[in-house]
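Being a predicted model, the structure only gives us computed values, none of them experimental.
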Amino acid sequence: MWGIAGILVSTSKHPPKSEELTAMQLTMRHRGPDGDGQWISPKGNVGLAHLRLSIIDLSKKASQPMTDGQDKVWITYNGEIYNHQELRDQFPDYDFSTKSDCEVILPLYEKYGPEFLDMLNGIFAFAIYDSVNDEYFVARDHIGIIPLYIGWDSKGVFYVSSELKALEGQCEKIELFPPGQYLSSSENKFKKWYKRDWDENDNVKNLETDITKLRESLENAVKRQ
């Protein structure tokens with residue numbers, strides 16, 4: 001369990017401030033007892049924050065917000081990518097600086113754009129800032145296991161956070177980020193990335209359920225744990 005926070009659309013009149021990010025972090029202190037971090041873009045239009053519970057890579061190098069090493073792409077992330085090592089193998093020339101499961105998201109995003117989301121086997125919620133294109137990209141896992149909230153203040157500034165209470169002192173309007181979707185500033189609307197044939201009733205309405213096979217599958221799944 002980690003905590004993320006972000007101020008993703010700001011203006012020169014109302015730039016993100018470290019104190020504002022700190023206030024959001026303090027409301028979620030319990031989510032990250034092992035460390036915290038902040039990053040504000042040189043343009044002063046985006047601020048990212050993170051609270052860390054060290055699990056996979058315990059070193060300080062794995063602290064967040066995390067960059068690709070060239071400051072082109074930044075991420076604040078919460079979750080776990082189970083197939084991160086397999087995904088890393090796709091980038092033999094990439095200079096990974098940590099063993100953290102979230103770092104692989106950076107080259108995936110740069111290479112594939114939104115299409116990479118369906119490559120992830122895991123649970124997650126994250127916010128990316130692409131400094132080259134001056135764009136943000138926010139996404140949540142397929143069924144919303146990892147929490148994520150978004151909000152807007154009276155000036156139209158856009159916020160994200162792991163917990164609703166981190167937004168309550170900042171935002172006039174707060175929403176739950178929809179599971180299985182992403183939001184990018186280039187498209188400016190929610191888009192569903194998690195799509196399966198069985199989502200459509202017409203594709204499954206004539207299927208029959210075999211209770212015996214279902215029971216066997218569940219029993220086998222438990223045995224593998």
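- The backbone N or O of Ile4 lies less than 3.5 Å from no partner atom in the side chain of Asn78, so there is not a single donor-acceptor pair.
- Taking each heavy atom of Met28 and Leu51 in turn, the nearest pair found is O-CD1, 3.1 Å.
- A heavy-atom distance below 4.5 Å is not found between the side chains of Leu48 and Leu21.
- Under 3.5 Å, the side chains of Ser100 and Glu103 contain no donor-acceptor pair of N or O atoms.
- Between the side chains of Gln38 and Thr22, at least one donor N or O sits under 3.5 Å from an acceptor N or O.
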- Task: Could you please spell out the steps behind the side chain to side chain contact (heavy atoms under 4.5 Å, CB included) verdict for Leu183 and Phe158?
- Result: CA-CA 12 Å; Leu183 176 65; Phe158 179 50; 3.8 Å; yes
- Message: Tyr159 vs Glu20, test: side chain to side chain contact (heavy atoms under 4.5 Å, CB included). Steps then yes/no.
- Response: CA-CA 11 Å; Tyr159 296 75; Glu20 196 173 9; 2.5 Å; yes
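- In this structure, CG on Asp89 lies 10.5 Å from NE2 on His84, to the nearest 0.5 angstrom.
- The backbone N or O of Lys213 sits less than 3.5 Å from a side-chain atom of Asp210, completing a donor-acceptor pair.
- With rounding to the nearest 0.5 angstrom, the CG atom of Asn133 is 10.0 Å from the NZ atom of Lys72.
- Annotation: side chain of Asp153 is not in contact with side chain of Gln170 (no heavy-atom distance under 4.5 Å).
- Of the possible polar contacts, none joining the Asp36 side chain to the Leu26 backbone as a donor-acceptor pair under 3.5 Å is found.
- Proximity of Val46 to Leu8: side-chain heavy atoms (C-beta onward) are separated by under 4.5 Å at one or more points.
- Distance check: Ser184 OG to Tyr136 OH gives 7.5 Å after rounding to the nearest 0.5 Å.
- Here the straight-line distance linking atom CZ of Phe124 with atom NE2 of His142 works out to 8.5 Å at 0.5 Å rounding.
- No donor-acceptor pair under 3.5 Å is formed between the side chain of Ser162 and the backbone N or O of Leu148.
- Minimum interatomic distance between Trp152 and Ile150 (heavy atoms only, all atoms of both residues): CH2-CD1, 3.7 Å.
- Ring centroids of Phe190 and Phe177 are separated by less than 6.0 Å, placing the two rings close together.
- Note that CD1 of Ile75 is 6.5 Å distant from CD of Gln64, once rounded to the nearest 0.5 Å.
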- Task: Mind running side chain to side chain contact (heavy atoms under 4.5 Å, CB included) on Tyr112 and Gln90 for me, showing each step along the way?
- Result: CA-CA 12 Å; Tyr112 297 107; Gln90 296 185 26; 3.2 Å; yes
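- Using a 4.5 Å heavy-atom cutoff, the side chains of Val160 and Thr76 are not in contact.
- Taking NZ of Lys173 as the start and OG of Ser154 as the end, the distance is 14.0 Å to the nearest 0.5 Å.
- Ala125 approaches Ile146 most closely through the heavy-atom pair CB-CG2, 3.5 Å.
- The shortest distance between side-chain heavy atoms of Glu168 and Ile174 falls below 4.5 Å.
- Closest of all the heavy-atom pairs between Gly47 and Pro16 is N-CG, 3.8 Å.
- Using a 3.5 Å distance cut-off with no hydrogens or angles, the side chains of Asp68 and Tyr109 do not pair a donor with an acceptor.
- Proximity of Met24 to Leu167: side-chain heavy atoms (C-beta onward) are separated by under 4.5 Å at one or more points.
- Between Lys195 and Asp118 there is no salt bridge, since none of the side-chain N atoms of the basic residue sits less than 4.0 Å from a carboxylate O of the acidic one.
- When the shell of 6.0 Å around CD of Glu115 is examined, it contains 12 or fewer heavy atoms from other residues, nucleotides or ligands.
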- Message: Assess the residue pair Asp141 and Tyr194 against the criterion (side chain to side chain contact (heavy atoms under 4.5 Å, CB included)); give the C-alpha distance rounded to whole Å, side-chain angles, the decisive distance to 0.1 Å, and a yes or no.
- Response: CA-CA 8 Å; Asp141 65 67; Tyr194 186 73; over 6 Å; no
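- Of all non-hydrogen atoms in Ser161 and Ala166, the two that sit nearest each other are OG-CB, 3.1 Å.
- Side-chain N/O atoms of Glu163 and Thr27 include no donor and acceptor closer than 3.5 Å.
- For Phe137 and Tyr182, the ring centers are positioned less than 6.0 Å apart.
- Side chains of Ser41 and Tyr129 form a contact here, defined as non-hydrogen atoms less than 4.5 Å apart.
- With a 4.5 Å cut-off on side-chain heavy atoms, Ile105 and Phe116 count as touching.
- No donor-acceptor distance shorter than 3.5 angstrom exists from the side chain of Arg140 to the backbone of Pro178, with no hydrogens or angles considered.
- Relative ring orientation between His50 and Trp2 is described as perpendicular, the plane-to-plane angle rising above 60° on a 0-90° scale split at 30° and 60°.
- The heavy-atom pair separating Ile123 from Ile145 by the smallest distance is CG2-CD1, 3.4 Å.
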